Structure formats: C-alpha cells, structure tokens
Amino acid sequence: MKLQYAAGIDIGTQGTKAALFSLDGRKVSETFERSRLIYGGPGEVCQNAGGIYGSVLRTVSGLMKKANVPPEQVAAIGIDGQMAGIMAVDSDFEAVGPYDSWLDTRCEPYINKMKDKAGDEVVRRTGGQITYAHGPKILWRKAERQAEYEKIAKFVLPGVYVAGKLCGLKAEDAWIDYTHLHFSGFADNRRKQWDEGLLSEFGIGKERMPEIVSPWKIVGRLTEQAAKACGLTPETKVAAGCGDSAASALGAGIVEKDMIYDVAGTASIFSCSTDRFTPDLESETLLFSRSVIDGLYTPLAYIGGGGLCLKWFLEQNGKDYAYWNEQAEKLEAGCGGLYFVPHFSGRTCPNDPRVRGAYWGLSFQHTTAHMYRSIMESIACEYAYYFSILKRQNPGISPKYIYGAGGGARSRIFCQIKADALGVPYRPLREADTAVYASAMLAAYGVGIIDDLKAAMKPSLEEETILPDKDRYEIYRKKKENYVNLLETLGTFGGEIRRGE
C-alpha cells in the first residue's frame, strides 16, 4: 500500500499537539492535550515524564480516530519538543526523575559558576548564552541530586524520551539533534560534536551525553505495544526530530538567510536567519542556534513568559484579547510614557535574575488599556534591542519581512507595534502552529517519501502585509533606548533589595 501520510507531534509547554498531514501538506486531523506543569518549591517547575509520554500516546490515538485513514499509509512520525529544559534516562531508557522545565530556575547558582569558570569559552563554543538550560541544569543535578545522578545513563530531551519509548530503545541509542546545541553548555556547535575540554572543565563524563544527529535521522520503528496504543502499525518509523522553536521556524518557511521570525506564544521569541556563526560575546544576549537547514543559523533571544504576561493581565482584569486589542488600538504609540517590564521570572536574554516584572511611569492619565498596550510595546522594544545587536554583528543583514506565528500573531495591533518598532513589514502566518507540520515533513523526508525539505516548506501567509510607520518607528526607537536603560537600573535595584534582605 502506498505511503501517503506523516504525523507531527509538538510537545510544548502548554500542551501536546499532534497532527496528520498528507504529503502535499494538507492537514487531515489534529488533537491537543493540555500539559500539567508541577510547581513545587522556589523556582521549581517540572513535568512528570510518564505524563508527557502518555499525552503523546493519547493525542496520536485521537488523531488516527479522527483521520479515518488506513494506519498502514502513515509512513513516519516526527517529534519536536521544548528545548532548554532537560531530563535523563537510565540504561533501560526509563526516566530518572522528572523533566526539569525551561521555566525551572533552581539551577541559577550553577549559571554563575559556569560563567565564572569558563563563561566566554562556553558562548564561543556553543553559540548560546549561559542561562536556565542544559549545562547549569546538569550541574545542578550532579551537585544536588547525587543519588539520582548516579543512575543517569544519558541526558535527553522530552522529544527524544518519547521517541525512545515509542521505539523500545536503550540508553546507548539516545541522541540529541543539532538544533539544541546552543542550549547544551558543552558542545562545539560549529563542528556538531561534544567539546571534550568543556566537559572535562565541569566534570561531566562524555558517556552521559547522547550522540549528536541530524533531525531527519530515522531512529527506529514503533513497538507492537506503542503501535497499538497509537492506532498505527509497527512498521511506522520515527525520526529523531528537533527543538520546537527550530520546527516552528522551519514550518514558517525560514529556510534562507535574512528572514526575521517572531514566535508570539508562551515565550516571545525573536530570531533572524543568517549564514554566519558569530556568537554574541559582547552583550551576552543572542543564542546562536542552528536551523534544521544545515549551514543556516537562526540566532534568537526570548522573553521567558512574554505571552504569559498578556494572559496574566486578562486574569487580573477580565474580558478577552479581542476587547483589549480594540482598546489598545485607540491609543497613541508610546503609551504616554508608560513602560512595562515582562520579566516576571527574571530576565533570560541576557540572564539577570534580579530583573522582575514592573510598571514604570504610571500617572493619572493612564488607563487599564494603557497598561495592556504597554505589555505589547515592551515586547516590541525587547525585539528591537535584539535586532540592534544582530545588525551590529552582521552589518549586511537586510530582512524584507517579519514572519509571525503563535497566538500573538493573530492580533493586528500587536503585529503593527512590532513592525513599527523594528521598521520592517510584518507578515502573519495564517497557520499559527507551524511546528507539527515541520515535524511531519521532517519524518517524511527522513524515510525518503519527499525529496526536497526546503521546497516542502510553503507557509500560508495572511493576505495583508502590515507596514511600519516612520513616525512611530522614531517613537519606539527612543522608547527602546529608555527601556534598555530601565532594565539595567532595575537589575541594580533588584541587587540592592537582595543585599538588604
């Protein structure tokens, strides 16, 4: 029987999404299951490994029931997942402890230790800043979960854990694809290999690190048990997969240099593709990630809970996004001098846990609508700051458009503010969830039923292109400078508070 379909699975922070696609890119069916984040002690945010795996089995099963297609026609599954968090498995590929979310900040002391010991070298080698990601999290486990650490055979990502369980693999089969290397803390990103000098410097055995592979590598087939649970056949193959941000960018069509990509989701992620690897040693802000497309980089920076700040606002004030977007559109750019700081869990890019959420500049003229709009303006100012760093490192960069995905890209006023702040036209994607599509096509490419991965990435764009306004660009240019100064001041203030406690 002819193979006609591939499935994509996105293991996100808010939930697990699965979708089935025909080889011409048509979505046949999709399902979603919300995540259960576990908030423990100070800074603790994790997920139960079994819960993550179970969510994949249930969403894929639901997918196949909705699709009503012969299971034998589904060639392969591709999985993408959260990138900066880390988990571990024993020799039998059973989880050792929970998944430490990228939102978990317990590893903060080890961020400082890594910076003090070999900060510049880590950035130079990995391309990524030292933040709440794999390196500090691994050091935290080694120092503070010693009994657990001794059981660890390999450190893995959530998508890898799920794929390994689906295929009945052992720890010796574990992998990490190259789109995660900027978060690793211990890899030579340019060479796509583990850096033995960094591993030795921090006392991490290379044997605990998985093989580095291409995202489309086929890692196995479904076990009889997994196939039955998913409604598929044991002949269904599984691809190595990639990080969720990498999949999202690929599905959005970011396959050439000089393309800005905005993910307006739980995290607010700004990236712009380039063919040059220039780690950000000066401002310690940009993370030089690899694209799925080999030889292309997508340097990025993000606000850990940018989208969550808008959700928080709604929870405090009621009504929905449509209402507040309409109110925000009535206001002039700049919010009458009102500033918002979206770093409720500390600043991530660059890492500065002293910076916390704040409103600054409130006066009696300001309304609740100003407070809502200022959240969007703060995220846009942060993006403008990221973009200024990238242009300084790559003077020849000349993007024509911002391509926007995620829930925030459905807000015309939010897109307009970003276009104005960056001085670049904004093109929202009609399909906001691009990651599952990219993961499915990666799997199809891995098994050889599509020939050209880049050609398969044909994003569906909204008809309207949102153009920047020159006058508003100038307003935001000045506001961006003040905003960056405010962040630095708040960092100092946060340090004073801590010293006074």
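Everything quoted here is computed from the prediction, not taken from an experiment.
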Quiz item: Atom CG in D80, atom CG in L157: separation rounded to 0.5 Å?
Solution: 11.0 Å

Quiz item: Are N325 and Y372 linked by a side-chain donor-acceptor pair shorter than 3.5 Å?
Solution: yes

Exercise. Keeping the roles fixed (side chain from T179, backbone from G243), state whether a donor-acceptor pair exists under 3.5 Å.
Key: yes

Quiz item: Do side-chain atoms of W175 reach the backbone of A240 as a donor and acceptor pair under 3.5 angstrom?
Solution: yes

Quiz item: Can any side-chain N or O of R427 pair as donor or acceptor with the backbone N or O of I402 at less than 3.5 Å?
Solution: no

Self-check item: D280 side chain vs T285 backbone, donor-acceptor pair below 3.5 Å
Solution: yes

Quiz prompt | Expected output: side-chain S184 to main-chain L181 donor-acceptor under 3.5 Å | solution = yes

Quiz item: Going by heavy atoms in the side chains, are L37 and Q47 under 4.5 Å from each other?
Solution: yes

Self-check item: Side chain to side chain, S283 and Y385, heavy atoms closer than 4.5 Å
Solution: yes

Quiz item: So, for R124 and E121, which heavy atoms are closest and what is the spacing to 0.1 Å?
Solution: NH1-OE1, 2.9 Å

Self-check item: Heavy-atom check, side chain of V156 versus side chain of I176, under 4.5 Å
Solution: no

Practice problem: Please examine the side chains of P353 and T105, heavy atoms only from C-beta on, and report whether any two atoms are closer than 4.5 Å. | Solution: no

Quiz prompt | side chain to side chain contact (heavy atoms under 4.5 Å, CB included) against S248, all qualifying residues, sequence neighbours excluded | solution = Y261, V263, T434, A435

Exercise. Look at the side chain of H134 and the backbone N and O of M83, then say whether any donor-acceptor pair between them is shorter than 3.5 Å.
Key: yes

Quiz item: For K479, does the NZ atom sit with more than 12 other heavy atoms under 6.0 Å from it, leaving out its own atoms?
Solution: yes

Quiz prompt | Point-to-point distance, once rounded to the nearest 0.5 Å, from CD1 of I269 to CG of D244 | solution = 6.5 Å

Exercise. Kindly assign one of parallel, tilted or perpendicular to the pair F270 and Y386, based on the angle between their ring planes and the thresholds 30° and 60°.
Key: tilted

Exercise. Give me the ring orientation class for Y178 and W216: parallel if the planes are under 30° apart, tilted from 30 to 60°, perpendicular past 60°.
Key: perpendicular

Quiz prompt | Qualifying residues under side chain to side chain contact (heavy atoms under 4.5 Å, CB included), relative to A409, sequence neighbours excluded | solution = Y426

Exercise. Identify whether the distance between the nearest side-chain nitrogen and carboxylate oxygen of K311 and E315 falls below 4.0 Å.
Key: yes

Exercise. Decide whether T13 and W102 meet the rule of one side-chain donor and one side-chain acceptor closer than 3.5 Å.
Key: yes

Quiz prompt | Under-4.0 Å salt bridge between E462 and R412 | solution = no

Quiz item: Can you find a pair of side-chain heavy atoms, one from V219 and one from E211, that are under 4.5 Å apart?
Solution: no

Self-check item: Electrostatic pair D177-K217, nearest N-O below 4.0 angstrom
Solution: no

Quiz item: Which heavy atom of M87 sits nearest a heavy atom of P158, and at what distance?
Solution: SD-CA, 3.7 Å

Quiz item: Any side-chain heavy-atom pair from L286 and Q393 closer than 4.5 angstrom?
Solution: yes

Quiz item: What's the shortest heavy-atom distance between M376 and A328, and which atoms?
Solution: CE-CB, 3.8 Å

Exercise. Kindly say whether V56 contributes a backbone atom to a donor-acceptor pair with the side chain of T16 at under 3.5 angstrom?
Key: no

Exercise. In sequence, state the C-alpha distance, the side-chain angles, and the governing distance for H180 and I212, and then conclude on side chain to side chain contact (heavy atoms under 4.5 Å, CB included).
Key: CA-CA 10 Å; H180 287 91; I212 297 170; over 6 Å; no

Quiz item: Between R354 and D352, does at least one N-O distance fall below 4.0 Å, as a salt bridge requires?
Solution: yes

Using residues 18-28 as the side-chain source, report each donor-acceptor pair under 3.5 Å to any protein atom, sequence neighbours left out, with the distance given to one decimal.
{"residue": "S22", "atom": "OG", "partner": "D24", "partner atom": "OD1", "Å": "2.3"}
{"residue": "S22", "atom": "OG", "partner": "R26", "partner atom": "N", "Å": "3.3"}
{"residue": "S22", "atom": "OG", "partner": "R26", "partner atom": "O", "Å": "3.4"}
{"residue": "D24", "atom": "OD1", "partner": "R26", "partner atom": "N", "Å": "3.2"}
{"residue": "K27", "atom": "NZ", "partner": "E30", "partner atom": "OE1", "Å": "3.1"}
{"residue": "K27", "atom": "NZ", "partner": "E431", "partner atom": "OE1", "Å": "3.3"}

Quiz item: With no hydrogens and no angle check, do the side chains of T298 and S291 hold a donor and an acceptor under 3.5 Å apart?
Solution: no

Quiz item: Given F202 and I138, is the side chain to side chain contact (heavy atoms under 4.5 Å, CB included) satisfied, shown in steps?
Solution: CA-CA 10 Å; F202 293 102; I138 288 171; over 6 Å; no

Practice problem: Please work out which of the three classes, parallel, tilted or perpendicular, describes the rings of F340 and F344, given edges at 30° and 60°. | Solution: tilted

Quiz item: Does A421 offer a backbone N or O that forms a donor-acceptor pair with the side chain of K480 under 3.5 Å?
Solution: no

Quiz item: Can any side-chain N or O of R472 pair as donor or acceptor with the backbone N or O of A419 at less than 3.5 Å?
Solution: no

Self-check item: For the student: nearest non-hydrogen atoms of G396 and D258, plus distance
Solution: O-OD2, 4.3 Å

Quiz item: Got more than 12 heavy atoms from elsewhere within 6.0 Å of CZ, R36?
Solution: no

Quiz prompt | Counterpart residues, side chain to side chain contact (heavy atoms under 4.5 Å, CB included), relative to D188 (two or more places apart) | solution = R125, R190, R191, Q193, D195

Quiz item: How long is the gap from CG on L442 to OG on S214, to the nearest 0.5 Å?
Solution: 10.0 Å

Quiz item: Does a donor on one side chain and an acceptor on the other come within less than 3.5 Å for Q129 and N351?
Solution: no

Quiz item: Please, which pairs that meet salt bridge (Lys or Arg N to Asp or Glu O under 4.0 Å) have at least one residue in residues 286-300, sequence neighbours excluded?
Solution: K192-D294, R290-D294

Quiz item: So do the side chains of D104 and K137 get within less than 4.5 Å of each other, counting heavy atoms only?
Solution: yes

Exercise. Search all heavy atoms of T274 against all heavy atoms of L296 and return the closest pair with its distance.
Key: O-CD1, 3.6 Å

Quiz item: Should Y321 and R410 be marked as a side chain to side chain contact (heavy atoms under 4.5 Å, CB included) after you check the CA-CA gap, both sets of side-chain angles, and the distance that decides it?
Solution: CA-CA 10 Å; Y321 290 108; R410 299 189 185 102; over 6 Å; no

Quiz item: Does CH2 belonging to W312 count more than 12 external heavy atoms closer than 6.0 Å?
Solution: yes

Self-check item: Distance-minimising heavy-atom pair for P468 and D420
Solution: CA-OD1, 3.3 Å

Self-check item: Straight-line distance of I9 CD1 to I79 CD1, nearest 0.5 Å
Solution: 4.5 Å

Quiz item: Do P136 and I130 have side chains that get closer than 4.5 Å, going by heavy atoms?
Solution: yes

Practice problem: Give, for atom CD1 of I52 and atom CD1 of I11, the distance between the pair rounded to the nearest 0.5 Å. | Solution: 6.5 Å

Quiz item: Got a salt bridge between E481 and K478, using NZ or NE/NH1/NH2 to carboxylate O under 4.0 Å?
Solution: no

Quiz item: Rounded to the nearest 0.5 Å, what separation is found between the CE atom of M457 and the CE atom of M441?
Solution: 6.5 Å

Quiz prompt | Test side chain to side chain contact (heavy atoms under 4.5 Å, CB included) applied to M114 and F186, step by step | solution = CA-CA 11 Å; M114 286 193 79; F186 307 118; 3.9 Å; yes

Quiz item: Is it true that a side-chain atom of S273 and a backbone atom of Y297 form a donor plus acceptor pair closer than 3.5 Å?
Solution: no

Self-check item: Residues which pass ring pair (Phe, Tyr, Trp, His ring centres under 6.0 Å) with F288, listed by chain and number, not counting sequence neighbours
Solution: F277

